[in-house]
Structure formats: structure tokens, C-alpha cells
Amino acid sequence: METPKYLQVLWNYKWLLAFGALVAAVAAFFAGFAVVDGQVVSRAQQTWSAATTMLLTSESDRLYQAEVPGVPIEQGTSDPQVIDMSSTALVYAYILSSDIIQDAVEAEIGTLDSETESISALRRTTQPTGDERFPGRYNLPVLEAVGTAETADRAEEISRAAAAAFTTYVVAQQDEQQLAPELRVLLEPLGASPAVEGDSSNPAIPVVVTFVGVFLAFVVLVFIIAGLRSRSARRKAARAEDTAHAANEPEGETDAAPATPAESADDIALDAEVGELVGAGPPSRRSGRGSREDETA
């Protein structure tokens, strides 16, 4: 079985391909990793998330009360209505994620990176150990301020600052509306969880893509060089063949055949006759008559 032509070309340039593989490996390493302070650090983008949990309550909260005592009802006055704190927590999550809170946080801890840092909030619907990526069936008056960043410390800082800024904002709104203390919503902190590592990009993807791309570039270079050398070899062979053909031809050989002696005599006679006709002009009658007399005599 004959070896394919492209495999022969690759084998002929195996050392160039080996050098290309080495260059591709170095490029792939620096595409996936970086050397920082003498340590190899992955370039894959990592995210950390930290949460600060708050309970929505009030001075008249009955969370720790086993029985609601009866109260006298005055004629002409409606019963007080208790607001559902779980629904309020859902609205608060949107306020906590708004630009108002972000501006307050940035004034406290500095500008947030728009690509890697963010503030978000959610209302808890699961057990304390549950994950809100898979929501539960509970509607709880529990709110979480979530900070996201590239490092754990920065994520925790953002989360704590967001919770504090939101609490300050709620108190300011209550003061502006001049609400009585017993009517105000209270944000009771329940705890601050440490930052956990979130989903990050796969560090192997840039390594593999860079290695394959650089090595394929060397493969293309091999075929380009082989094509140029093959074309140059064909041109040299063609010139050598033309030179050899020209050297084998006889020196006196021409395209026209030599004239024969008979053809040369006919040409000379024809030239003479034409010359006589052209030089003598038309014969006169006298010259003709003299000739006949001479012939008769």
C-alpha cells in the first residue's frame, strides 16, 4: 500500500513540526496560566459569592407569640391589617439590587468592576442549608444580600456593605414618611455566610484551543514550503530539459531545404528572359523582317 502524499510531506518536515509542537505547548501554557509573584496562577475567571441574611420583622411581630390575645373592638374602626412580610421581602430584593444601593456601596468600598463584581438579592424559599438555584415551596420573610467578585474577601465585603446600605436606605425612607416605631419594618441581621466559589470557566479550553491553533499554523507552513520547493524543482527540470534538447540538434540544420541544380538553372533562365523583355521593350516590324531575311539566307 502506497503512503499518501501528505503523510510523506509531513514526515519530510518532521523536525519543523516538532519545533511547532514545542512552540504550541509554550503558547498554550501562557494562554491558560500566568506567573504571579513566582507562582503559577490559572487565567480562568473565578467567581466567589457571599451572602448576608436579614429577617424582616416589626415591633408587633408575633413570631415568638403562641397566642394572639383578644382586643376590644371600637365601633366605627376597622381591624388593623398585618402586611405579609414574605411578599415585602420579594419587593425588597429588587430594591437591594437597584442602582440606588450600588451607588451607596461604591461610595463606601469603591467602584465595582462591571464585568466581575455585582450586587444581587433574593428571598429565601428553602431550608437554611438549601440552594436557591433550586427554589423551594416556602415564602419566607428572609432576605439575602449577595455580593459577587473574583476573590472571597471582596465578595464578602460587597455583601456586607450592600446589607448595611440597604438597612440605612429603609430607615431613611421610614423617617421621610414619619412612620411610628411600631409601624416600621425592622431588618434584623441573622448572619453572614463565608464566600463560596461559584461556577468558573474551564481552564482547559484556552489551553487546548491555543495549542491546536498554533500547531495547525505550522502544518500549513509545512505544506506551503513543500509546494514552493516542488514548483521550483519543476521549473529547474524544465529548464534543464530545454537546454539538453537544444544541445542535441545539428549546427547547420535549417528549416528550409537546399535548392537543386536544376531549379537553380531554371531560375537563372527565367531571370534572363525577364531581363530581356524588360530591357529591350516591344520588338519593331523592321527588326522582325530583318530577322526573317537572315533566316532565309
Side-chain angles (χ1 to χ4, degrees), residues 1-50 110-120 131-134 146-155 158 195-258:
M1 181 177 178
E2 185 179 357
T3 305
K5 183 65 176 178
Y6 67 92
L7 292 180
Q8 296 178 2
V9 172
L10 295 177
W11 177 254
N12 293 335
Y13 293 89
K14 56 183 177 296
W15 296 113
L16 179 58
L17 293 178
F19 176 74
L22 179 61
V23 174
V26 174
F29 173 81
F30 285 102
F33 302 93
V35 179
V36 180
D37 297 332
Q39 296 181 352
V40 179
V41 180
S42 176
R43 293 183 183 271
Q45 183 176 354
Q46 297 178 342
T47 57
W48 294 80
S49 298
T111 304
L112 302 183
D113 189 345
S114 59
E115 295 183 358
T116 59
E117 298 179 346
S118 63
I119 299 174
S120 60
D131 191 346
E132 291 301 326
R133 290 179 299 179
F134 307 97
V146 182
T148 304
E150 287 186 310
T151 62
D153 294 339
R154 180 64 173 175
I158 294 174
V196 294
E197 188 175 3
D199 297 333
S200 60
S201 59
N202 191 344
I205 293 178
V207 174
V208 174
V209 171
T210 303
F211 180 85
V212 173
V214 175
F215 186 74
L216 287 180
F218 274 88
V219 172
V220 173
L221 178 62
V222 164
F223 284 107
I224 292 176
I225 294 176
L228 294 176
R229 294 186 63 178
S230 176
R231 185 179 303 175
S232 177
R234 287 197 299 268
R235 290 178 179 176
K236 290 182 179 178
R239 287 196 298 266
E241 184 179 355
D242 293 341
T243 303
H245 181 70
N248 293 333
E249 290 183 354
E251 295 182 357
E253 184 178 2
T254 57
D255 294 338

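Just so you know, these numbers use all the heavy atoms, side chains as well, and skip hydrogens, waters and symmetry mates.
The ring-ring contact (aromatic ring centres under 6.0 Å, His included) test applied to Phe215 returns no partner, not counting sequence neighbours. Remark: Glu150 pairs with Gln45, Thr116 by the side-chain contact (heavy atoms from CB on, under 4.5 Å) rule, at least two apart or across chains.
The environment of CZ in Phe223 is crowded: more than 12 heavy-atom neighbours from other residues, nucleotides or ligands sit within 6.0 Å. By the 6.0 Å contact criterion, NZ on Lys5 is open, its count of non-hydrogen atoms from other residues, nucleotides or ligands being 12 or less.
The heavy-atom pair separating Gly147 from Ala155 by the smallest distance is O-CB, 3.6 Å. Annotation for Pro206 and Gly32: closest pair CG-CA, 4.5 Å, computed over non-hydrogen atoms. Annotation for Ala226 and Val9: closest pair CB-CG1, 3.6 Å, computed over non-hydrogen atoms. Here the closest heavy-atom approach between residue Arg229 and residue Tyr13 is recorded as CD-OH, 3.2 Å. Heavy-atom minimum distance, Arg154 versus Ala149: CG-CB, 3.4 Å.
Within the model, atoms CD1 of Ile225 and CG of Asn12 stand 12.0 Å from one another, a figure rounded to the nearest 0.5 Å. Atoms CG and CZ, from Leu16 and Phe218 in turn, are 6.5 Å apart once rounded to the nearest 0.5 Å. Atom OG1 in Thr210 sits 12.5 Å away from atom CZ in Phe29 (nearest 0.5 Å).
With a 4.5 Å cut-off on side-chain heavy atoms, Ile158 and Ile119 count as touching. Side-chain contact between Phe33 and Val207 is present, with heavy atoms from C-beta onward closer than 4.5 Å.
The list of side chain to side chain donor-acceptor pair (under 3.5 Å) pairs with a residue in residues 230-241, not counting sequence neighbours, reads Ser230-Arg234.
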